[in-house]
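Read the numbers this way: they start at 1 and go in the same order the structure lists the ligands and their atoms. Because the structure is a prediction, the values reported are computed rather than measured.
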Amino acid sequence: MEKRLIKKDALNGIISKLSGEMPVYAPVKDEDNVLFKVLEEGMEPLVAYSNTRNAPKNFFFPQTETMMRYMRTEREIKLSGEDGEAREAILFGVRPCDARSFILLDKVFDQEKYKDPYYIDKREKTIIVSLACVQPPYSTCFCTSVGGHPMSEEGADVLLTDMGDNYLAEFITPKGEKLLERMGDLPAADGSADEKKKELSESAEKEIKSHIPGKEIKPWLDDNFEHPFWDTIHQSCLACGTCTYLCPTCHCFDISDEVKGSDGKRIRTWDSCMYWLFTQETSGHNPRPSQKQRWRQRLMHKFKYFVDNFDEIACVGCGRCVRYCPVNIDIRKIVTDISKL
Ligand code: SF4
Ligand code: SF4
């Protein structure tokens, strides 16, 4: 793996050069939030931040996406095109938990048997540059309990670690190595950079103060689909869907057709297991008619079904659902409570 050093004051120049060649999406301040936006001329990415409000999953799985367009005549329906292929782009400044979420989403959208061309096209053309979490994390971060780490390179093509005067840049994948060719001459990092990174990694891990027994509850979930505990977690839930929309690993969607005159388009839109309508069937029957059943589904999907299917927990411990739930439902408490049953 290529390892180089980037002087802190040279980073913005490198990013500015790259954004002249392809779109660079990076965290920027937006009123009280930090959001990923395309860098326009003169804009600089924010590097000192804990995490963005929105997860970056929308780059590969947009909130609304046109799958195809068509024209209807009396005799037939003709395809009239798609919205075009994705462009090569850089997604800069992704936190390691969110970069790891891409690996989990790949398991859903890029399986041997089922391939989602819309997702795969964008995923293949996007270079992920992650920023290791050496700054204090949010109190709600719990990546280390669900298989992650504040300095994890999983899901990243390039991992940047703030070493003080320099960034250590590790070019992890062939896509990352190609980016190195476009970044100009960068000095090689020596063994002392590795040692410093190891120290930073140990202290970053200690900074994660929130821990949950994420892996331990699977046997209980296997045996307790029906249990009085499920009556206790949903009582204050508003079914607003915030937790699922902000979650980097939630991926439920709905497909619908919008038709105007003879022109139609088929769109895919995010949906949420927190909504009653998500499981409403045409017959009128709804297999998950109560919020209790919907909350059980959300927890089961993340900590049991995904583990059954892919041997991974479908939560990266970003804490967004904890921070932004309007009624303070805390998935960490639910998992901890289950572990005590
Ligand atoms: S954010 Fe909170 S209130 Fe909204 S659906 Fe999720 S758990 Fe329920
Ligand atoms: S369930 Fe909550 S903590 Fe886990 S990845 Fe989703 S938003 Fe983050």
Side-chain angles (χ1 to χ4, degrees), residues 33-34 50-58 60-61 63 94-108 130 133 137-150 152 154-155 208-215 217-218 221 230-252 270-279 288-307 310 312-338:
N33 290 308
V34 178
S50 294
N51 207 348
T52 52
R53 183 189 56 182
N54 294 9
K57 68 180 175 186
N58 63 309
F60 310 125
F61 171 47
Q63 190 158 2
V94 178
R95 288 298 179 202
C97 57
D98 289 338
R100 194 164 168 266
S101 77
F102 302 143
I103 302 285
L104 301 179
L105 291 177
D106 289 348
K107 292 181 186 293
V108 177
S130 272
C133 291
Y138 281 124
S139 62
T140 46
C141 293
F142 59 96
C143 58
T144 50
S145 299
V146 284
H149 189 278
S152 166
E154 266 186 284
I208 303 287
K209 306 287 189 216
S210 193
H211 302 282
I212 65 162
K215 294 174 188 151
I217 62 168
K218 171 79 168 49
L221 295 176
W230 298 116
D231 287 313
T232 65
I233 57 176
H234 69 286
Q235 305 283 358
S236 58
C237 178
L238 307 171
C240 66
T242 301
C243 49
T244 51
Y245 274 35
L246 296 184
C247 177
T249 63
C250 279
H251 53 268
C252 293
W270 288 359
D271 207 335
S272 168
C273 60
M274 290 286 108
Y275 298 155
W276 166 84
L277 199 56
F278 182 59
T279 43
R288 281 185 224 137
S290 75
Q291 203 59 13
K292 164 191 163 179
Q293 290 155 322
R294 295 191 276 274
W295 237 109
R296 177 176 61 192
Q297 165 63 24
R298 175 163 157 75
L299 205 87
M300 284 280 196
H301 190 190
K302 294 198 172 294
F303 291 90
K304 170 177 160 51
Y305 306 142
F306 210 85
V307 181
F310 304 115
E312 293 270 13
I313 293 172
C315 167
V316 292
C318 70
R320 286 184 179 90
C321 59
V322 181
R323 282 199 302 286
Y324 297 106
C325 173
V327 292
N328 298 323
I329 294 180
D330 188 334
I331 200 166
R332 298 170 304 170
K333 180 175 182 318
I334 295 169
V335 170
T336 306
D337 286 350
I338 288 177

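- Residue contact annotation: Leu246 has no non-hydrogen atom under 4.0 Å from ligand 2.
- Nearest protein heavy-atom neighbour of atom 7 (S) of ligand 1: Trp295 NE1, 3.4 Å.
- Close approach of ligand 1 to Thr242 is summarised as follows: ligand atoms under 4.0 Å from at least one heavy atom of the residue are 1 (S).
- Close contacts between ligand 2 and Arg298 involve ligand atoms 1 (S) [criterion: under 4.0 Å to a heavy atom].
- A salt bridge links Arg100 with Glu312: the distance from a Lys NZ or Arg NE/NH1/NH2 to an Asp or Glu carboxylate oxygen falls below 4.0 Å.
- Shown in contact with Val327 at under 4.0 Å from a heavy atom are these atoms of ligand 1, numbered in order with element: 3 (S).
- Within ligand 2, the atoms closer than 4.0 Å to a non-hydrogen atom of Lys302 are 1 (S), numbered from 1 in the order shown.
- Among protein heavy atoms, the minimum distance from atom 3 (S) of ligand 1 is reached at Leu238 N, 3.2 Å.
- Taking atom 6 (Fe) of ligand 2 as the reference point, the nearest protein heavy-atom neighbour is Cys247 SG, 2.4 Å.
- No side-chain heavy atom of Ile329 sits under 4.5 Å from any side-chain heavy atom of Cys243.
- Counting non-hydrogen atoms of other residues, nucleotides and ligands closer than 6.0 Å to NZ of Lys209 gives a total above 12.
- With hydrogens and angles ignored, the 3.5 Å screen pairs no side-chain donor or acceptor of His251 with any backbone N or O of Pro248.
- Between the side chain of Thr52 and the backbone N or O of Ala55 there is no donor-acceptor pair closer than 3.5 Å.
- No hydrogens or angles considered: a donor-acceptor pair under 3.5 Å links the side chains of Thr249 and Lys302.
- Among the backbone and side-chain atoms of Cys325, an N, O or S atom lies under 2.8 Å from atom 2 (Fe) of ligand 1.
- Cys273 approaches Thr244 most closely through the heavy-atom pair SG-CG2, 4.1 Å.
- With respect to the salt-bridge test (charged N to carboxylate O, under 4.0 angstrom), the residues Asp330 and Arg323 do not qualify.
- Of the protein's heavy atoms, Cys237 SG, 2.3 Å lies nearest to atom 8 (Fe) of ligand 1.
- Nearest-residue assignment for atom 5 (S) of ligand 1 (options Gly241, Cys273, Pro326; heavy-atom criterion): Gly241.
- Shown in contact with Ile329 at under 4.0 Å from a heavy atom are these atoms of ligand 1, numbered in order with element: 7 (S).
- Residues Phe102 and Glu154 are not in side-chain contact: their nearest non-hydrogen atoms beyond the backbone lie 4.5 Å or more apart.
- For ligand 2, the atoms closer than 4.0 angstrom to any heavy atom of Cys318 are 3 (S), 5 (S), 7 (S), 8 (Fe).
- Remark: side-chain polar atoms of Tyr245 are not paired, donor with acceptor, to backbone N or O of Gln63 under 3.5 angstrom.
- Interface of Phe142 with ligand 2, defined as ligand atoms under 4.0 Å from a residue heavy atom, comprises 3 (S).
- Only the backbone of Ala239 comes within 4.0 Å of ligand 1, judged by heavy-atom distances.
- Heavy-atom contacts of Cys321 reach the following atoms of ligand 2: 1 (S), 2 (Fe), 3 (S), 7 (S) (cutoff under 4.0 Å).
- Protein heavy atom at the shortest distance from atom 4 (Fe) of ligand 1 is Cys240 SG, 2.2 Å.
- Interface atoms of ligand 2 facing Gly319, defined by a heavy-atom separation under 4.0 Å, are 3 (S), 8 (Fe).
- Side-chain atoms of Ser210 and Arg332 form a donor-acceptor pair, as typed in the model, at a separation below 3.5 Å.
- Annotation: cation-pi pair Arg294/Phe278 absent, no NZ/CZ under 6.0 Å from the ring centroid and within 45° of its normal.
- Atom 6 (Fe) of ligand 2 has no N, O or S atom of Cys315 closer than 2.8 Å.
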